[in-house]
2 protein chains.
Amino acid sequence: MGLTSPSRCSNVGAVTDEEEGPVGAQEPKRAKRKRRPADRPSTIRDVAAKAGVSVATVSRTLAGNYPVSAETRERVMAAVDSLHYVVNVHAKALSGRVAGPIALVLRDITGPSLAHVAAGVEEEAGSRGRLSLVCSTKDDTKREDDLVQLMREQHAAAVLLVGGTVTDDAYHRRMAGYAKALDSAGSRLVLCGRPPLPAGVPATVVDYDNRGGAFQATAHLLTAGHRRVLFLSGAPGFSSAEERRLGYRDALRAHGVPYADELDTSGDYTRASGYLRTREALSTGVGFTAVFAGSDVVALGALAALREAGLSVPGEVSVVGFDDVPFAADLTPALTTVRVPYEELGRTAVRLALDREVGFASDNHVVLSTQLVIRDSVRPPAG
Amino acid sequence: MGLTSPSRCSNVGAVTDEEEGPVGAQEPKRAKRKRRPADRPSTIRDVAAKAGVSVATVSRTLAGNYPVSAETRERVMAAVDSLHYVVNVHAKALSGRVAGPIALVLRDITGPSLAHVAAGVEEEAGSRGRLSLVCSTKDDTKREDDLVQLMREQHAAAVLLVGGTVTDDAYHRRMAGYAKALDSAGSRLVLCGRPPLPAGVPATVVDYDNRGGAFQATAHLLTAGHRRVLFLSGAPGFSSAEERRLGYRDALRAHGVPYADELDTSGDYTRASGYLRTREALSTGVGFTAVFAGSDVVALGALAALREAGLSVPGEVSVVGFDDVPFAADLTPALTTVRVPYEELGRTAVRLALDREVGFASDNHVVLSTQLVIRDSVRPPAG
DNA sequence: GGTGGGACAGTAAGCGTTTACCCAGAGTCG
DNA sequence: CGACTCTGGGTAAACGCTTACTGTCCCACC
């Protein structure tokens, strides 16, 4: 089935079913070829044999970059169909060029924001004919090392490291190492949602405006009249957490509200952490009328703690989140939060990495803007 | 730097910096080699030259499956380090065996449940030394065809098609084609979260108990005393939607509650659809005291519509979802729903696909169980 | 003092493609 | 009518690696 010219093909088939039988006292070179297991996928040579042409002709027919007579093309295509032939990328990569894949390295794809980055990457990569490899590090530095190595082996066109991180000295050394190793292999390190590296390191950075977003969020609360804003930040030293903290303080300063150390807490970007910290702030009685959560997931925990304490939101306490995860609009009350263009982050990262490769001039550092999304979780303070 | 034996290495370096200069009237074969661009990643030959050994020795040193003297090993490793050498997977795949990647094909990775499947797949694949490729089809059949073809080219060890789908005749033909094409190339088609194919098709299926879960969910409502349960199912013909519908009806029958056609609605698994259908059911006055949403996202829409109509949940209307997405516990009220082991689905799929390959006997059809998670969104009817 | 064998290293075939180069036949043109 | 171009096709080198096959050296054992 699938054969467009049965008569010729059955003919060819009859000849080649002999498994390349030597047709005389030719060079025994081909005869030396080891017998392969039968379930091996068919090769271009099988196709050539079945079609009664040389492998070069098959290759050229499939590539379509060389004149081939209609009759030959037909025979080749028939053989391809009947053998279910697909080209072997490894062989192809070894001779002609193939586009390297885009490698996506993240902590955990389960997080809603990271999944959106992945979607953006996949979309942009796919539209440019690239595959996307996804790997998670689970916060293991050794594993990250291995993955970058692995991606180098895979000849990835770019390696995207996604998500905030602790940017200490060891981190910078590690990134510089990755960047150079990848660069020397014609690949590219792309940092997404992280601050830039020192100048001279061959890496591309796509970040978003954590500080500005945090400023808007905090300013929104302050404008509503709040003066005691509990800040539930991320881990100390964690890049996005520190940036958001800066934005928080910027806003306080801009509104002439004194900074209170006891309102500025650090912790994980988890629901549990938000819950615990809010509960503690309530029990120790530091006094606050609003909460700025470092992420929507943290806000979830804060909302739970407030609800548990019998405090109504936004009646008695206002809450703002960060990220605008999909369910933020479906919470009760719908959460006012800061939208981060995660999908665009992924798309931009791929675009920058590849366009650079093609030779277009392009920036090595892009910052996407964030935007406050006002919903129902903020109201002027009760007092 | 990185050289462990500087004296010897500088020596070797001096010799090989001449770029393989012919050391006499040897075969000119190597001299014919074309000059390559300088930014090309270094090859095993570069390493061999720098270490002053043959490529075979380098290969064996790195593979560690052959005796190599300590001194030689040291020289080779020094060369590897200084050249930042990494093996070329394509070349490696072409000769020795390399483990093929696991290909994950899904509609859209953004959905919370699919992301969890992806996480499970990535984890299991990674722990077995396999890469995971992620691709999204966006519900485009043509694109799915292309992706399967692409994965065949990539020599994927398995292709996982994830998520429910409309299982019509064309679908079965398509799957049979995929399965055979993959099987003949030594790969494997794995269907995740979909019903099995007709016997004889070489595919593995990992599904979960949609019908049982729907039964439990509905039974939970009926046991609480509800008699009019609005069912917000998925698209007509969609596998998981139909299975859940069967479970819904099973439960009605088991509890002796008459089936009412007007309470059994079909639509998308989207928030908007849940919202619209609930609103319509309210406005047409079909009368119901409980809602069984075909998915948590649909439940989200239903909750919104109920809230909008001023109906309290669970005071006046009870709601049950399906999927147990992460935020289900954080809704107001916390959503009673059916937990689906999505991560395990992914892990199991990979395990089955690969163990089969290694030759262990294993099932080709596994059904994971689902489980009702009782939270706060169900109460006996008010009347 | 052969002989067997273990440790270590090199040679080269082969993996499946692409493509530079070569060649035969058919026009085409001066 | 010979030189040339254009078509269509084959041959074989190259891509970077693994590994079977050969040695070579050295030591132990009859």
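No hydrogens, no waters, no symmetry mates; every other heavy atom, side chains included, goes into these values. First the proteins, then the strands, lettered A, B, ... as listed; each starts at 1.
Comparing A:V55 and A:R97 against DNA chain D, the residue whose closest nucleotide sits nearer the 5' end is A:V55. Sequence order on DNA chain C of the closest nucleotides to B:T57 and B:A91 puts B:T57 first from the 5' end.
A donor-acceptor contact under 3.5 Å is formed by the side chain of B:R60 with the base of C:dG10. Residue side chain B:S95 does not reach the base of D:dT18 through any donor-acceptor N/O pair under 3.5 Å, judged by distance alone.
Under a 4.0 Å N-O distance rule, the pair B:R174/B:E144 qualifies as a salt bridge.
As judged by a 4.0 angstrom heavy-atom cut-off over every strand, B:S69 is placed among residues touching the sugar-phosphate backbone only. Within the nucleic acid shown, B:V87 comes within 4.0 Å of sugar-phosphate atoms alone, with no base atom in reach, counting heavy atoms only. Contact annotation for A:V86: backbone-only contact, meaning every heavy-atom pair under 4.0 Å involves sugar-phosphate atoms and none involves a base.
Straight-line distance from the NZ atom of A:K92 to the C1' atom of D:dG16: 18 Å, rounded to whole Å. Between the C1' atom of C:dT18 and the CG atom of A:N88 lies a distance of 13 Å, rounded to the nearest Å. Whole-Å rounding puts the A:L83 CG to C:dG16 C1' distance at 15 Å. Rounded to whole Å, the distance from CG on B:D46 to P on D:dC17 is 9 Å. In this structure, B:R45 atom CZ and D:dG16 atom P are separated by 6 Å, rounded to whole Å. Counting to the nearest Å, the P atom of D:dA14 and the CD1 atom of A:I44 are 19 Å from each other. If you take OH of B:Y66 and C1' of D:dA20, they are 10 Å apart, rounded to a whole angstrom. Atom CG in A:N65 sits roughly 15 Å away from atom P in D:dT7 (whole-Å rounding).
With A:L191 as reference, A:L161 is the one residue of A:V201, A:V159, A:L161 to meet the side chain to side chain contact (heavy atoms under 4.5 Å, CB included) rule.
Between D:dC17 and B:S59, no contact under 4.0 Å exists linking OP1 or OP2 to a side-chain N or O. Listed pair B:S54 / C:dG10 meets the phosphate criterion, a side-chain N or O lying under 4.0 Å from OP1 or OP2. OP1 or OP2 of C:dA9 sits under 4.0 Å from a side-chain N or O of B:T72.
Distance from the side chain of A:P67 is smallest for D:dT7 among the nucleotides D:dC17, C:dC15, D:dT7.
Separation of atoms NZ (A:K92) and OG (A:S59) is listed at 8.0 Å; rounding is to 0.5 Å.
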Legend entry - Trace of the side chain to side chain donor-acceptor pair (under 3.5 Å) decision for B:T204 with B:R188: CA-CA 7 Å; B:T204 297; B:R188 186 74 177 179; 2.9 Å; yes
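Ring geometry for A:H155 against B:H90 counts as perpendicular: the plane angle is over 60°, on a 0 to 90° scale with 30° as the lower cut.
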